[in-house]
Peer 1: 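First the structure, which I've put down as structure tokens, then a few questions once you've had a look.
Remember, it's 1-based here, ligands and their atoms both numbered in the order they're listed. The basis for the numbers below is simple: all heavy atoms, side chains too, and nothing from hydrogens, waters or symmetry mates.
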Amino acid sequence: MTTAPTHAKGLEGVIAGETEICNVEQSALIYRGYEIADLAANASFEEVAFLLLVGHKPSSSELDGFKSELIAERNLPTAVVNFLKDSGDLVNNQFAVPMDILRTAVSILGHLDADCQDNSPEANLNKSKRLLAKIPTIIGHMQNSIEGKEFVAPNPALSHSANLLFMMTGEEPSPEAEKVMDVSLVLYAEHDYNASTFTSRVIAGTLSDLHGAVTGAIAALKGKLHGGANEAAMDMLADIRRDIGSENDTSKITDWMHNAFTEKRKLMGFGHRVYKNGDHRAPILHELGKKAAQARGEEFTKLFELGETVQHIMETEKKIYPNVDFPCGMTYFTMGIPVPQYTPIFVASRITGWCAHIMEQHAHNRLIRPRVAYTGPDLRKWND
Ligand code: SDX
């Protein structure tokens, strides 16, 4: 037997490939050479989506064409609409959660996409655009069904971010809400070999199709150690609020946190496999979300103050810093978005990163098949 190579649990620190798309470092987060704070301040989500999927900053005519393509593709095929009509019952009375509904809807979209079995660069790019355009409609129709409401039709006059919010509520968002959503989608769009993106590359690496790779990535992102943490972070803050009452009493918050430490609880929205001195995205979203909370009223500013106390305790006592999911939970709550739609909205953004990586994998493929150290029984005979 060959000597088992040394291995890192969870592939921690392992360089598992090469990419031109993104670099996640303690020093900076870069999308195709552009630093995340630069993009958050100066680029729209449509521009970042084009950058990730096509590979360069769009000219104004390229951006106009891209936006028109996305708007034209927002509607869903009848089979997906019919499935989403049942989604409210599956969530309210059966065992599904919105991330499961989104995963199934994307899978059905694959059955209805003429390019589904075509892994060529052109077919993959067209499928990526169609998924980018349609996922907000899936989220909106699903939320309408959960609330027992008629489906809201996509609004071609609205930007990608504004239409995402509009699809869930039927009300056009304020420019401020549109901006907060847009920046959150820019921040969530891409993050090199995170678990869901790596999942999509493993699937694409077998030369399976883009819809299949995205379906697997959605399943991976659902987990609360990954994308599901934005919902879990808000649930944790709701638990703290329930336990300490409406006032942010620092000693009560500290006692709550110390109990959590004693129980060895993982505090959702904190820590990161790569970032050990803080997530570049978190302060950007925290600042935007806090401004939205101040505009919304006392309940919401107190939520952010509660979050800041929790964060201070984690940083000073555990040297563990918030990741992007912690401010996201508070921000989306302030915007009135239902908690179970937080991770589906993460998908509405990360579909751009996933598809960029799937296209890169198909274009420069080598099957992803690592080795494993065997720790089972020694060789033995069946009839011994
Ligand atoms: C995302 O990879 C990406 O890029 C992901 C992402 C992206 O954009 O794609 O950035 C998005 O998924 C962000 C992460 C969201 N997940 C959470 O917020 C869940 C809570 N976080 C932890 O489960 C944890 O921090 C992980 C999973 C995110 C990272 O964990 P690691 O690298 O496996 O580190 P670890 O669990 O081994 O922790 C090291 C130590 C442990 O202490 P010991 O057991 O060694 O004494 O730090 C402690 C952990 O207990 N620790 C925590 C903690 N995170 C780490 N303790 C309490 N609460 C936490 N959140």
Peer 1: Find the distance between CD1 (I203) and CD (Q361) and round it off to the nearest 0.5 Å.
Peer 2: 11.0 Å
Peer 1: Would you tell me whether Y188 and N230 have side-chain atoms, one donor and one acceptor, within less than 3.5 Å of each other?
Peer 2: yes
Peer 1: Starting from atom 6 (C) of ligand 1, locate the nearest protein heavy atom and write down its residue, its atom name and how far away it is, to 0.1 Å.
Peer 2: H272 NE2, 3.8 Å
Peer 1: Under 4.0 Å from atom 35 (P) of ligand 1, can you find at least one protein heavy atom?
Peer 2: no
Peer 1: For ligand 1, indicate whether the residue L225 contacts it via side chain, backbone, both or neither (heavy-atom separation under 4.0 Å).
Peer 2: both
Peer 1: Ignoring hydrogens and geometry beyond distance, is a side-chain donor-acceptor pair present between E62 and H56 at under 3.5 Å?
Peer 2: yes
Peer 1: Is R265 near ligand 1, meaning one of its heavy atoms is under 4.0 Å from it?
Peer 2: yes
Peer 1: Do N323 and ligand 1 have an N or O pair less than 3.5 Å apart?
Peer 2: yes
Peer 1: Is it the side chain (CB and beyond), the backbone, both or neither of K224 that lies under 4.0 Å from ligand 1, heavy atoms counted?
Peer 2: backbone
Peer 1: Under the rule for ring-ring contact (aromatic ring centres under 6.0 Å, His included), what residues qualify as partners of F198, not counting sequence neighbours?
Peer 2: Y193
Peer 1: If a pair satisfies ring-ring contact (aromatic ring centres under 6.0 Å, His included) and one of its residues is in residues 219-255, list it, with sequence neighbours excluded.
Peer 2: none
Peer 1: Please compare R273, E190, H226 and report which has the shortest non-hydrogen distance to atom 32 (O) of ligand 1.
Peer 2: R273
Peer 1: Among M168, R103, E231, Q143, which residue satisfies the side chain to side chain contact (heavy atoms under 4.5 Å, CB included) criterion with P344?
Peer 2: E231
Peer 1: Examine the side chains of T19 and E360 and answer whether a donor and an acceptor come within less than 3.5 Å of each other.
Peer 2: yes
Peer 1: Applying a strict 4.0 Å limit to heavy atoms, is G269 in contact with ligand 1?
Peer 2: yes
Peer 1: Classify the side-chain pair S159/S161 by whether it contains a donor and acceptor separated by less than 3.5 Å.
Peer 2: no
Peer 1: For atom 39 (C) of ligand 1, decide whether some protein heavy-atom distance is shorter than 4.0 Å.
Peer 2: no
Peer 1: Any non-hydrogen protein atom below 4.0 Å of atom 9 (O) of ligand 1?
Peer 2: yes
Peer 1: Would a search of protein heavy atoms around atom 17 (C) of ligand 1 find one under 4.0 Å away?
Peer 2: yes
Peer 1: Compute the shortest N/O to N/O distance between F346 and ligand 1 and return yes if it is under 3.5 Å, no if not.
Peer 2: no
Peer 1: Is atom 46 (O) of ligand 1 less than 4.0 angstrom from at least one protein heavy atom?
Peer 2: no
Peer 1: Out of F198, F270, Y188, whose heavy atom is nearest to atom 24 (C) of ligand 1?
Peer 2: F270
Peer 1: Run the numbers for me: atoms of ligand 1, each under 4.0 Å from some heavy atom of R281, listed by number.
Peer 2: 6 (C), 7 (C), 8 (O), 10 (O)
Peer 1: Just checking, is any N or O donor in the side chain of R241 or N248 under 3.5 Å from an acceptor N or O on the other one?
Peer 2: yes
